[in-house]
Every structure is written in structure tokens, then in C-alpha cells.
Protein chains: 2
Amino acid sequence: MADGLEEERDDLAAMIVPLGRALMAAEVPILREHGLAMWAYGVLLGLSEEPVRTQSALAKAIGADKTRIIGVLDDLQERGLIRRTPDPADRRARLLSLTPEGRRLRDSAQAAIRRSEDELLAHLPPDERRAFVRALKTLSVLPWPDPAGPQT
Amino acid sequence: MADGLEEERDDLAAMIVPLGRALMAAEVPILREHGLAMWAYGVLLGLSEEPVRTQSALAKAIGADKTRIIGVLDDLQERGLIRRTPDPADRRARLLSLTPEGRRLRDSAQAAIRRSEDELLAHLPPDERRAFVRALKTLSVLPWPDPAGPQT
DNA sequence: TATTGTTATACTCTATAACTATA
DNA sequence: TATAGTTATAGAGTATAACAATA
């Protein structure tokens with residue numbers, strides 16, 4: 001990459017994937033303390049952004065199959081953390097939204113996770129830490145080719 | 001983290017895990033051109049470091065179950081990419097090593113993957129790119145708590 | 001008794017197919 | 001005809017159990 005001598009390193013994926021797994025594994029016990037499983041947390045995060053979404057839109061947004069999250073939604077609704085409102089404009093669809101309790105739980109869980117992440121990031125010098133997070137933000141929003149191929 | 005105002009961002013895991021998935025997905029077609037599946041490539045990488053390893057040591061090193069890689073090893077051996085030498089010091093164990101062809105294939109596949117990764121990293125300004133890779137190296141080597149809990 | 005390599009089995013997760021009701 | 005939500009089924013991937021050989 002015309003970058004002069006580059007230090008030797010493992011493949012990017014070989015470093016990032018295990019790191020991601022470890023990060024997820026570290027979230028599990030934190031989420032469990034909040035009574036949340038990973039997908040449930042993902043749903044709460046996915047519902048943070050307005051406007052409200054339908055179930056399939058949410059599924060696509062959080063990278064899940066639409067059938068995958070149904071049980072999760074059932075449970076969250078039963079616990080009063082989300083609402084499923086019939087869409088007056090399309091009687092097939094159900095609009096999802098967080099209840100105040102859902103919002104509180106999401107905030108509380110996310111705060112705990114952030115604290116745990118900060119411990120991890122503390123291993124990096126401050127400027128490197130900022131660059132790392134900035135780079136992550138940039139790379140995570142890149143348009144990746146759809147694994148399933150362009151929609152027919 | 002005594003860091004002044006920090007910009008808003010998604011959870012680390014929420015950025016890193018999809019990035020890792022995308023990186024892996026990008027590797028698949030490259031590896032297939034080399035006649036390799038993901039685990040096969042992982043095995044070749046895991047055998048890069050001397051001294052030679054036993055099957056269970058390799059499995060642990062690359063984060064696989066020892067039963068998981070047996071079929072992979074069978075195939076790689078049949079194709080002349082690795083050797084399974086009986087350990088003279090322990091007749092239960094089989095020492096693994098790359099053949100010259102295995103080494104060549106690994107190098108060729110890895111070079112192609114690096115080129116693809118460089119395209120990705122080109123989205124980052126040079127100094128940020130260097131900091132990102134350096135941070136990744138640091139974080140990926142941290143001692144994470146064993147998901148299975150400390151060995152009994 | 002523990003460990004290496006192996007096979008067969010069970011389990012977990014996810015995607016696919018099929019259905020109803022709407023559009 | 002196509003889509004939203006749902007259920008039931010099938011598939012992929014992985015781990016667990018059990019075994020023979022050796023330590």
C-alpha cells in the first residue's frame with residue numbers, strides 16, 4: 001500500500017474475529033444480570049432509532065432472519081419492554097417500539113457494557129484508542145457486498 | 001475514562017463483530033480460488049509456527065474443537081499439503097507439519113487476502129490505519145477469560 | 001487414571017418452506 | 001402477484017460421549 005516497511009501481522013480477520021467473539025462473550029454475563037440474552041439486547045438496540053420499524057425491517061437492520069426474532073419479540077413484549085402496535089396504514093404490519101421500561105433496561109445494560117469496554121480500551125494509549133474507535137466507526141459503516149449476492 | 005467528551009458510538013462488539021463477519025465473507029471466495037475452505041486455511045496458518053504441533057495442540061491454538069479439524073486434516077493430508085508424522089516420543093500423538101506445497105499454497109492465499117485487506121484499510125488515513133492495526137495487535141493478544149471457565 | 005486421535009451422536013443455531021391475512 | 005407475520009421443518013455447524021491405543 002505504498003506504506004514503506006510494514007510490520008508483520010496476522011490477517012485482519014484472524015485478529016478481529018476472535019476479538020469480536022471475546023467481546024460478545026464478555027457481554028453475556030453482563031446482559032444476563034439484566035435478564036437479557038444477546039438477541040434481546042440486539043433488538044432493544046435496534047429499536048433505539050426512530051422511526052419505529054416493522055418486524056422485518058428490524059430483522060434486516062440487526063442482521064437477523066425475520067423468523068429468528070419472533071420468539072425474542074414475544075418475550076420482550078410479555079415483559080413489557082416493547083410494544084407491537086398494529087400499523088393503521090397496513091394491517092399486515094406491526095410497528096415496534098420501546099416502552100419506557102424497555103428504554104431504561106437498554107440504557108442500564110448498555111452503560112454496564114460500556115464500562116466493561118472502557119476497561120478493554122484502557123490497554124491502549126489514549127491517542128491510539130481514539131484512532132481505533134474512529135477507524136472502527138468508519139469501517140463498520142462501509143457498504144459490504146451482500147453475502148447473498150445482489151437482490152434478484 | 002477521564003477522556004473529556006467522547007463522541008457517541010455503537011457498542012464495540014456491535015461494530016467489531018459485523019466487521020469480522022464481513023472480513024470472513026470476503027475471504028471465502030479468495031480461499032475458494034485456492035481450493036481452501038475457512039478451516040483449512042486456519043489450519044495452514046496454525047501450522048506456520050514451528051515447532052510442529054499435535055492435533056489437539058493445533059486445535060486449541062486455532063480455537064477449534066479437536067474433533068472439528070480431523071476431516072480437515074484428512075483432506076489436507078490427502079492433497080499433500082500437510083504431513084502427519086507419528087511422534088516417536090509418544091506413539092499416541094501425530095506431529096503436524098506443512099509440506100512445501102502446503103507452504104506455497106498458504107503463502108499464495110495469504111498474499112491475496114492481504115491485498116484485499118489493504119483495499120479495506122485504504123479507507124482510513126495512513127496514521128489512523130497504522131494506529132488501528134497496532135491497536136488490533138495489542139487487543140487480540142490480551143488474555144481473555146476462558147469462555148469455559150478456568151480449567152478444573 | 002489421564003491423554004491422543006477417532007467415530008458416532010446429540011445439540012444449538014439458523015435458514016427454508018409453507019401458511020394466513022392482508023396489500 | 002407480492003409482502004408481513006407466523007409456525008414447523010430441515011439443514012449447517014459445533015460440541016459431547018464413547019471408544020481403542022498409549023502414557
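We name chains A, B, ... by the order of the sequence lines, and we start the count at 1 in each one. Everything numeric here is computed off the predicted structure, so don't read it as measured data.
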Send over the distance from Asp74(B) CG to dT6(C) P, rounded to a whole Å. 7 Å

Looking only at dG5(C), dG5(D), dA17(C), the nucleotide nearest the Gln55(B) side chain is dG5(C)

Residue Ile70(B), side-chain heavy atoms: nucleotide from dG5(D), dG5(C), dA23(C) that is nearest: dG5(C)

Look at all strands and tell whether Asp87(A) reaches a base, only sugar-phosphate, or nothing, counting heavy atoms closer than 4.0 Å. nothing

Closest approach to the side chain of Arg94(B), judged atom by atom: which nucleotide of dT6(D), dA4(D), dT6(C) is it? dT6(C)

Closest to the side chain of Arg92(B), out of dT6(D), dT22(C), dT22(D), is dT22(D)

Confirm from the modelled atom types if Thr67(A) and dT7(D) form a donor-acceptor pair under 3.5 Å, side chain to base only. no

Where do Leu44(B) and Leu36(B) land on the side-chain contact (heavy atoms from CB on, under 4.5 Å) test, with the steps shown first? CA-CA 10 Å; Leu44(B) 294 187; Leu36(B) 291 173; 3.9 Å; yes

Given side chains that start at C-beta, do those of Lys60(A) and Lys66(A) come closer than 4.5 Å, heavy atoms only? no

Between His34(B) and Ser108(B), is any side-chain donor less than 3.5 angstrom from a side-chain acceptor? yes

I want to verify a distance call: between dA23(D), dT4(C), dG5(D), whose nearest atom is closest to the Lys66(B) side chain? dT4(C)

With side-chain contact (heavy atoms from CB on, under 4.5 Å) as the criterion, how do Arg114(B) and Arg9(A) come out once you've worked through the C-alpha distance, each side chain's angles and the decisive distance to 0.1 Å? CA-CA 10 Å; Arg114(B) 290 302 173 88; Arg9(A) 61 165 174 80; 3.8 Å; yes

Is Trp39(A) close enough to dT14(C) that one of its side-chain N or O atoms is under 4.0 Å from OP1 or OP2 there? yes

Whole-Å distance between dT20(C) P and Arg91(A) CZ? 18 Å

Using a cut-off of strictly less than 4.0 Å, decide whether Arg84(A) has a side-chain nitrogen or oxygen near OP1 or OP2 of dA4(D). no

Given salt bridge (Lys or Arg N to Asp or Glu O under 4.0 Å), test Asp74(A) with Arg79(A) step by step and report yes or no. CA-CA 9 Å; Asp74(A) 289 344; Arg79(A) 293 163 61 191; over 6 Å; no

Interatomic distance, Leu73(B) CG vs dT6(C) P [rounded to whole Å]: 8 Å

Considering every strand and a 4.0 Å limit on heavy-atom distances, what is the contact class for Asp65(A): base, sugar-phosphate, or nothing? base

Which of the following nucleotides, dT16(D), dA23(C), dT14(C), is nearest to the side chain of Arg68(A)? dT14(C)

Expressed as a whole number of angstroms, how long is the span from Asp90(A):CG to dT3(D):C1'? 8 Å

Pick the closest DNA chain C nucleotide for Arg53(B) and for Ala89(A) by heavy atoms, then say which residue is nearer the 5' end. Arg53(B)

Closest nucleotide among dG5(C), dG5(D), dT22(D) to the Thr54(B) side chain: dG5(C)

Rounding to an integer number of Å, can you tell me how far Ile62(B) CD1 sits from dT14(D) C1'? 14 Å

